[in-house]
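All remarks here apply to the structure that follows.
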Amino acid sequence: MQLLPAGRGWSSLAQKRGDRAMDQLLQPVLQGDRRALSRAITLVESTRPDHRERAQELIAALPPAENSLRIGLSGTPGVGKSTFIESFGTALTDAGLRVAVLAVDPSSTRSGGSILGDKTRMETLSRNPRAFIRPSPSSAQLGGVARRTREALRLCEAAGHDIVLIETVGVGQSETLVAEMTDLFVLLLAPAGGDELQGVKRGIMEMADLVLVNKADGDLLPTARRTVADYAGALRLLRKRPQDPEGFPKALPVSAATGDGLPEAWQQMQDLAKWRRDHGHFDTNRAQQARHWFMAELRAGLLAQLDTPDARGRLDRLGRGVAAGDLPPGQAARQMLDWLAGRQS
């Protein structure tokens, strides 16, 4: 599949969006300025109301993303996600592609802090001029995906990155959120016995387009091949999805340490993406994802209306009434909704 940079030639289009939407970061981002891209992502991650307004204007002025490929990557802790991304990303840049990595680090539920160590773990790729790595705290967001990851993804595409890799926290049912913002979803696993297969959630297996068994080298190679066979059998038992050609989803062995299997895995990703483009699933999927994130933003905005002093006070009073048995939960919720509606009128 021929991939073309997504962020080139759009300056004139952005200028037509009006002066109000023309943030000072827009032109540098469209020209691929790495510092401007970092500042723009920092802007969209900010929770300050004035920053959110500027961020929305910036996002609205971005060109449509047509030629990029969004790949989500999840896997069990210790499976070697960062090593895989460094090897895989380096291979892509060696092929002339520009790669962005959005690596979401887990945040402390107590302090809100996170280590943000992905640039340290991907030292070689972080120095590659054709690569951009942005570690972001998940801020306890469900699914291990930072709330503004989708906006950061759009900025990376506008800056001319052909491939955007989203590395998520851990593996589990909630991790399927990454499938709502990517074109392909890759599940990375380690060589293991049948018990490992039992430990992987069915939901994430149903989302996976490719299951890659990492560390398929040296003494672990026979075990990795058996694990691939186990997962291939499990994938055949899942219900057929309309967005898959014959043979997908599939399991493959790879070694991030030696590079073995990486060309085959990339070829499978390209073949699947091309098939989905040719059969209309690619654009349909992106349209459905945009609608999903519209609803997610709407729900978040509605919940934000509850995070004011007046709203918290009313919630506390209604909550006490419910706890004391003086007010049914449904009636209390209706009173709260009516109060919010009255504030909007």
Side-chain angles (χ1 to χ4, degrees), residues 14 17-18 20-23 25-26 29 39-65 70 72 102 104-109 112-114 134 136-158 164 166 168-169 173-182 285-319 322 329-345:
R17 301 295 177 97
R20 186 170 183 273
M22 285 296 294
D23 190 280
L25 289 175
L26 180 58
V29 166
R39 292 197 302 270
I41 294 177
T42 298
L43 177 67
V44 302
E45 289 178 345
S46 174
T47 58
R48 278 178 43 176
D50 57 330
H51 287 180
R52 289 304 310 150
E53 183 176 356
R54 284 185 63 208
Q56 291 303 322
E57 292 177 357
L58 177 62
I59 295 298
L62 296 179
R70 308 165 182 173
L102 300 177
V104 184
D105 272 11
S107 298
S108 167
T109 56
S114 58
R134 174 70 181 212
S136 300
S138 65
S139 301
Q141 184 74 13
L142 180 65
V145 180
R147 181 177 172 189
R148 299 302 172 189
T149 299
R150 189 175 188 276
E151 294 176 350
L153 182 155
R154 289 285 292 110
L155 287 167
C156 290
E157 291 174 328
V164 182
I166 303 177
T168 65
V169 179
Q173 190 71 39
S174 61
E175 286 295 302
T176 57
L177 278 180
V178 72
E180 296 293 348
M181 65 176 73
T182 55
N285 183 53
R286 286 200 173 183
Q288 291 174 344
Q289 289 176 355
R291 185 177 180 86
H292 168 86
W293 287 102
F294 156 66
M295 295 301 297
E297 285 295 317
L298 181 60
R299 286 191 292 268
L302 292 173
L303 288 174
Q305 295 185 35
L306 301 177
D307 193 23
T308 65
D310 288 346
R312 288 194 296 268
R314 183 168 290 269
L315 280 172
D316 183 59
R317 290 192 296 273
L318 289 172
V322 171
Q331 186 177 352
R334 172 49 58 190
Q335 289 184 21
M336 191 68 202
L337 290 172
D338 289 343
W339 180 79
L340 288 173
R343 294 182 65 191
Q344 299 300 318
S345 60

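Keep in mind the model is a prediction, meaning the values are calculated, not measured. In this chain, residues are counted from 1 in sequence order.
Across all non-hydrogen atoms, the minimal contact from Val44 to Ala152 is CG2-N, 4.4 Å. For Ala65 against Arg286, the heavy-atom pair with the smallest separation is O-NH1, 2.9 Å. Contact record, Ala61 with Leu26: CB-CD2, 3.7 Å, taken as the closest heavy-atom pair.
For the 3.5 Å distance criterion, the side chains of Thr47 and Arg148 fail to qualify, holding no donor opposite an acceptor. For the residue pair Glu151/Gln56, the side-chain donor-acceptor check at 3.5 Å is satisfied.
Arg154 pairs in a side-chain contact (heavy atoms from CB on, under 4.5 Å) with only one of the listed residues (Leu58, Leu62, Val164, Thr149), which is Leu62.
Looking at heavy atoms from C-beta onward, Arg70 lies out of side-chain contact with Ile166 at the 4.5 angstrom threshold. At least one side-chain heavy atom of Gln289 sits under 4.5 Å from a side-chain heavy atom of Asn285. For the pair Arg312 and Leu306, the minimum side-chain heavy-atom distance is 4.5 Å or more. For the pair Leu155/Ile59, a side-chain contact is recorded, criterion being any heavy-atom separation below 4.5 Å from C-beta on.
Atom CZ of Arg314 and atom CD of Gln335 lie 8.0 Å apart (nearest 0.5 Å). The CZ atom of Arg39 lies 10.5 Å from the CG atom of Leu43; values are rounded to the nearest 0.5 Å. To the nearest 0.5 angstrom, Gln305 atom CD is 9.0 Å from Met336 atom CE.
Arg52 and Glu45 are not joined by a salt bridge, as no carboxylate oxygen comes within less than 4.0 angstrom of a charged side-chain nitrogen. One finds no salt bridge joining Glu180 and Arg150 here, because no Lys/Arg side-chain nitrogen approaches an Asp/Glu carboxylate oxygen to under 4.0 Å. Using a cut-off of 4.0 Å between Lys/Arg side-chain N and Asp/Glu carboxylate O, Arg334 and Asp338 are scored as salt-bridged.
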